[in-house]
Amino acid sequence: MTKNFALYNEMVALFAGDARRCQHFIKVASLAKHLAESENAGAELVELIEAAGLVHDCGIKIGEEKYGAGHCTGKIQEQEGPAVARGLLQKVGYKPEKIERICYLVGHHHTYNMIDGLDYQLLVEADFLVNFYEDGTPKENIAKAVERIFKTGSGTKLVKTMFGL
């Protein structure tokens, strides 16, 4: 069993009974991995970005417990998520340096003005791709976000193809 296979199961258990949240992180992880492979990232980065996609919203559960359902903003997710992610990543056997980077990504995945690496960019693009669909974002808003946020050739091509831009 791979670490990410175990992490997938841990996240499903964390969000047991909340199929919408499970569907979200599964889609983000899958798209993040796909984008990383499309960008010819090495195996280590592909594994890391898939893990980050799996745990990127793990702070929602504790955020909603603290602040109430529907009141867990992106900033609260960034605040609460790294501690939860750290525990899950340690449990499945990630090494400390990988845990630190993944926790950094979880703690910044709604901050778009300080993207500092391909892994961060891919996570943001994958999350946007899923959110565009789940939120029913109008095409004109998607086009504006693509201009502002998307930087990879693979992510840009995929979003334009998916949404007919």
Side-chain angles (χ1 to χ4, degrees), residues 3-4 7-8 10-12 14-15 18 20-39 41 44-67 69-92 94-135 137 141-142 144-152 154-156 158-159 162-163:
K3 291 186 290 277
N4 284 349
L7 189 58
Y8 182 108
E10 290 293 330
M11 284 295 295
V12 170
L14 178 70
F15 284 110
D18 192 344
R20 184 173 63 87
R21 298 264 190 242
C22 291
Q23 292 287 322
H24 178 79
F25 74 72
I26 290 166
K27 290 184 280 188
V28 171
S30 176
L31 280 168
K33 181 180 179 186
H34 174 79
L35 292 174
E37 289 171 345
S38 297
E39 291 292 317
E44 280 190 44
L45 182 60
V46 171
E47 180 186 55
L48 183 139
I49 194 60
E50 181 182 30
L54 288 168
V55 299
H56 78 285
D57 279 348
C58 66
I60 289 175
K61 188 163 180 103
I62 192 167
E64 288 187 337
E65 288 170 5
K66 285 183 173 183
Y67 305 103
H71 298 289
C72 188
T73 65
K75 290 301 163 194
I76 292 171
Q77 291 173 41
E78 289 181 336
Q79 172 187 314
E80 301 295 339
V84 177
R86 183 175 313 283
L88 294 169
L89 293 162
Q90 288 171 337
K91 185 174 183 179
V92 302
Y94 266 90
K95 292 186 183 329
E97 62 276 4
K98 301 289 184 195
I99 291 172
E100 290 309 311
R101 183 59 180 173
I102 295 167
C103 287
Y104 176 83
L105 296 174
V106 170
H108 293 85
H109 76 279
H110 285 285
T111 303
Y112 312 123
N113 64 345
M114 48 190 284
I115 294 174
D116 67 353
L118 181 60
D119 53 357
Y120 192 161
Q121 184 66 42
L122 294 171
L123 179 60
V124 166
E125 290 182 13
D127 199 22
F128 265 87
L129 276 160
V130 174
N131 286 330
F132 289 153
Y133 175 74
E134 289 179 348
D135 297 344
T137 306
N141 293 10
I142 294 171
K144 289 176 189 171
V146 168
E147 285 180 30
R148 272 190 11 257
I149 302 295
F150 282 64
K151 305 288 186 239
T152 69
S154 301
T156 302
L158 186 59
V159 71
M162 272 188 182
F163 294 97

### Task
Let me know which of Ile49, Ile102, Ile115, Leu118 forms a side chain to side chain contact (heavy atoms under 4.5 Å, CB included) with Leu123.
Ile49

State the [atom1]-[atom2] distance between [X] and [Y], to the nearest 0.5 angstrom.
X	Y	atom1	atom2	result
Leu105	Asp127	CG	CG	11.5 Å
Leu14	Leu7	CG	CG	10.0 Å
Glu100	Lys95	CD	NZ	14.5 Å
Arg148	Asn113	CZ	CG	11.0 Å

I want to check something: taking the side chain as every heavy atom from C-beta on, are [X] and [Y] in contact at a cut-off of under 4.5 Å?
X	Y	result
Lys61	Arg21	no
Leu129	His34	no
Tyr67	Ile76	yes
Ile99	Tyr94	yes
Val28	Asp57	no
Asp18	Ile60	no

### Task
Before accepting this row, confirm whether a basic side-chain N of the pair Glu47/Lys98 lies closer than 4.0 Å to the acidic partner's carboxylate O.
no

When you look at [atom1] of [X], are more than 12 heavy atoms from neighbouring residues, nucleotides or ligands closer to it than 6.0 Å?
X	atom1	value
Lys75	NZ	yes
Tyr8	OH	no
Glu97	CD	yes
Tyr133	OH	no

Quick one: does any side-chain atom of [X] pair with a main-chain N or O of [Y] as donor and acceptor, under 3.5 Å?
X	Y	value
Glu125	Thr152	yes
Asp119	Leu45	no
Ser30	Ile26	no
Glu10	Val92	no
Gln121	Ile149	yes
Tyr120	His108	yes

Might you point out which heavy atoms bring [X] and [Y] nearest each other, and give the distance in Å?
X	Y	answer
Ala85	Val106	CB-CG2, 4.2 Å
Cys103	Leu89	SG-CD1, 4.4 Å
Glu78	His109	OE2-N, 3.3 Å
Ala29	Glu50	CB-O, 3.6 Å
Gly81	Cys58	O-SG, 3.3 Å
Ser154	Ser38	OG-CB, 3.2 Å

### Mutual orientation of the aromatic rings belonging to Phe132 and Phe150 [parallel < 30°, tilted 30-60°, perpendicular > 60°]
parallel

### Query
Can you list the steps and then say if Val146 with Thr156 is a side-chain contact (heavy atoms from CB on, under 4.5 Å)?
CA-CA 7 Å; Val146 168; Thr156 302; 4.3 Å; yes

### Message
Could you check whether His56 and His24 have their ring centres less than 6.0 Å apart?
### Response
yes

#### Entry: Residues Thr137, Phe163; criterion side-chain contact (heavy atoms from CB on, under 4.5 Å); working and verdict
CA-CA 10 Å; Thr137 306; Phe163 294 97; over 6 Å; no

### Message
Please evaluate residues Leu88 and Leu54 with respect to the criterion side-chain contact (heavy atoms from CB on, under 4.5 Å), reporting the C-alpha separation (whole Å), side-chain torsions for both, the decisive distance (0.1 Å), and the verdict.
### Response
CA-CA 11 Å; Leu88 294 169; Leu54 288 168; over 6 Å; no

